[in-house]
Amino acid sequence: MANVIRSIKGTRDFYPSEMVKRQWLIGHMRAASEAFGYQPYDGPCLETLELYAAKSGEELVKEQAFVFEDRGGDPVTLRPELTPTLARMVAEKENELFFPLRWWSFGPFWRYERPQKGRTREFFQWNIDLIGSESLLADAELIAVAATFLRNVGLKPQTVQLLVNDRRLMEKQVRKLGIASETLPDLLRMIDRLDRQPGHVWDEKVLGLGLNREQLKGIRELLGNKELWRESEELSTVFTALQELGVGEYVSYDPKIIRGLDYYTGIVFEAHDTKDEFRAILGGGRYANLVGDVGGKPLPGVGFAMGDVVINLVLEKYNLIPQHLENSDGVFVTIFDETTWKSSLELAAELRGAGIEATVYPDFDKLAKQLKYADRMGFTKAVVVGPEELVKGEVVVKDLISREQITLDHAKLIELLKNRFVEKLVVQNQPNKF
RNA sequence: GUGCCUGUAGCUCAAUGGCAGAGUGCUUCACUGUGGAUGAAGAUGUUGAGGGUUCGAAACCCUCCAGGCACCCCA
């Protein structure tokens with residue numbers, strides 16, 4: 001195995017057992033999005049470098065994007081985020097779209113980072129935005145979408161919280177301390193990184209920005225004040241709306257939430273595990289001007305993004321991901337021997353024609369081996385067509401869980417399998433069985 | 001881009017300078033028309049790669065490669 005060609009650093013292979021989990025996760029993202037009436041959209045994975053030069057943070061494009069020349073010599077970029085694409089798509093059709101837009105998307109993104117816990121170079125991201133409304137109800141709605149997702153995957157409010165803040169409130173409070181407005185962006189960035197370093201180091205850095213000891217003390221007090229939101233009419237409204245939306249238990253106020261990206265202008269929020277063991281699960285907020293930088297009219301919006309990597313770590317820790325590969329919808333068709341294989345194929349075709357998934361064993365192996373395979377692959381029903389049954393036009397169907405088996409004709413077999421199929425559909429309509 | 005740690009069977013790991021092992025998985029058989037258990041037998045290694053030290057290296061040293069973790073940045 002030493003000489004197999006390796007995959008690219010920071011990418012992941014999704015074997016069927018992992019793919020089941022990925023589909024499960026996507027299902028919940030879709031369900032939460034659609035529950036609030038959001039529509040799916042997507043853009044290309046390749047974009048021009050120019051698009052990101054206009055919009056994204058400098059570091060994201062210069063340091064972290066995969067940039068290369070196409071065969072014609074033009075610089076292209078593997079998308080490191082979706083927002084610029086969204087802005088471009090909205091700007092291109094701004095006169096024919098009907099606002100507000102409620103759009104969601106799921107797809108792959110690439111960032112050239114050093115892979116580590118919770119960070120890969122190729123990852124999947126759920127993006128969801130409400131564009132064209134300045135209402136605080138829109139801010140609350142996006143937070144409610146996030147909370148609905150967290151609840152539906154089985155995460156409890158004791159385990160995960162959506163931490164909410166408002167940049168306007170923080171700016172106002174910081175100004176009250178008499179801090180110069182030119183140091184404000186740097187200071188906000190420091191607040192965003194408070195928990196990532198020892199307290200005394202952080203203090204030193206803040207003093208280095210030009211603050212005096214008293215101002216530092218004032219900042220520290222602000223950041224410890226869990227009731228600060230009461231001074232913000234906007235936050236009060238948002239929290240009230242979230243109570244009415246039935247997700248109040250998932251939401252709390254945190255003055256330390258600022259968000260690194262510069263384009264946020266109001267409400268900002270992140271989901272964190274309450275033990276603070278993992279990175280932010282998702283992050284988002286209010287922006288004033290989505291499309292201005294790509295040449296459109298200013299449009300306000302609110303949205304968030306959730307990567308698949310951190311949420312998977314959290315879900316794994318709390319054992320919330322369905323583990324097993326299941327073929328329980330289908331039936332496994334054995335092949336008895338060289339003289340009967342045609343009957344097995346014929347039966348399988350008949351079952352498929354009746355809308356039943358049928359999987360045929362491809363070799364003339366011993367029945368024991370075939371049943372062992374069926375068991376390992378997660379089938380719950382197997383069919384045997386041997387010489388004895390063939391004469392009577394019957395088949396043996398075996399329940400691989402109860403180990404019971406019965407002999408019956410084709411019509412009865414189809415009826416039995418179809419009834420089971422109907423039961424399955426009913427079960428699947430429950431969101432946590434997606 | 002900076003720093004620290006780790007590479008041994010498919011997987012998880014042991015062997016700390018002296019014959020490369022265990023558990024698990026895998027294959028076969030007990031069971032020639034019936035799978036999960038049990039028992040028995042069997043297969044599997046360039047010890048990440050290359051070089052050096054040594055009578056002798058999986059182990060010690062150097063270089064490279066790969067992976068993990070933290071910083072940076074962020075989903």
As a test of reading the structure: which of [options] is closest to the side chain of [X], going by heavy atoms?
X	options	answer
A:K366	B:G35, B:A75, B:C29	B:C29
A:P387	B:G33, B:C73, B:G35	B:G33
A:R403	B:G35, B:G67, B:C69	B:G35
A:R279	B:G33, B:A75, B:C71	B:C71
A:L367	B:A75, B:C73, B:G33	B:G33
A:Q116	B:G35, B:C71, B:A75	B:C71
A:A368	B:G68, B:G35, B:C72	B:G35
A:R114	B:C73, B:C4, B:G35	B:C4

What is the distance, to the nearest angstrom, from the [atom1] atom on [X] to the [atom2] atom on [N]?
X	N	atom1	atom2	result
A:I335	B:U34	CD1	C1'	16 Å
A:F149	B:A75	CZ	P	16 Å
A:Y264	B:A75	OH	P	6 Å
A:D399	B:G35	CG	P	15 Å
A:N312	B:A75	CG	P	17 Å
A:D365	B:G35	CG	C1'	14 Å
A:L82	B:A75	CG	P	13 Å
A:R12	B:G67	CZ	C1'	16 Å

Using the closest heavy atom to pick a nucleotide of RNA chain B for each, name whichever of A:T120 or A:L371 lands nearer the 5' end.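 The residue mapped nearer the 5' terminus is A:L371.
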
By nearest heavy atom, map A:V309 and A:Y373 onto RNA chain B; which one lands nearer the 5' end? A:Y373

Please report whether the ring centroid of A:W103 lies less than 6.0 Å from that of A:Y41.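 Distance test on ring centres: under 6.0 Å, yes.
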
Is the gap between the ring centers of A:Y112 and A:F66 under 6.0 Å? yes

If the [atom1] atom of [N] is compared with that of [M], how far apart are they to the nearest Å?
N	M	atom1	value
B:U54	B:C4	P	29 Å
B:G7	B:G17	P	15 Å
B:G42	B:U47	C1'	23 Å
B:U24	B:A14	C1'	14 Å
B:C26	B:G10	C1'	8 Å
B:C64	B:G1	P	13 Å
B:G35	B:U27	P	15 Å
B:C73	B:U16	C1'	40 Å

Answer with base, sugar-phosphate or nothing: what part of the nucleic acid does [X] contact at a heavy-atom distance below 4.0 Å?
X	answer
A:K369	sugar-phosphate
A:F336	base
A:E389	base
A:I311	nothing
A:Q405	base

Exam field: side chain [X] to backbone [Y], donor-acceptor pair closer than 3.5 Å:
X	Y	answer
A:T77	A:R79	no
A:T340	A:S343	no
A:S33	A:Y38	no

Residue matched to [N] through Watson-Crick or wobble contacts both under 3.5 angstrom:
N	value
B:A41	B:U27
B:C60	B:G52
B:U6	B:A66
B:G21	B:C13
B:G1	B:C71
B:U34	none

side-chain N/O [X] vs [N] OP1/OP2, d < 4.0 Å:
X	N	result
A:R193	B:C72	no
A:R259	B:A75	yes
A:K9	B:A66	no

Let's test your reading of the model: under 3.5 Å, does the base of B:A75 pair with the side chain of A:E270 as donor and acceptor? no

Would you state whether a donor and an acceptor, one from the side chain of A:R376 and one from the base of B:G36, lie under 3.5 Å apart?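 Looking at the base of B:G36, it does not pair with any donor or acceptor on the side chain of A:R376 (distance under 3.5 Å).
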
Do A:S252 and A:Q161 have side-chain atoms, one donor and one acceptor, less than 3.5 Å apart? yes

Between B:A75 and A:F109, is there a base-stacking contact, meaning the centre of the base's six-membered ring lies under 5.5 Å from the residue's ring centre while the planes stay under 30° apart?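 So no, this residue does not stack on that base, at least one cut-off failing.
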
To the nearest 0.5 Å, what is the distance between CG (A:N127) and OG1 (A:T83)? 6.0 Å

Salt-bridge test for A:E171 and A:R167: reply yes if a basic N is under 4.0 Å from a carboxylate O, no otherwise.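 Judged by the 4.0 Å cut-off on N to carboxylate O distance, A:E171 and A:R167 do not form a salt bridge.
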
Less than 4.0 angstrom from a charged side-chain N to a carboxylate O is my criterion; do A:D409 and A:K392 meet it?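 Looking at A:K392 together with A:D409, the answer is no, because their closest N to O distance does not fall below 4.0 Å.
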
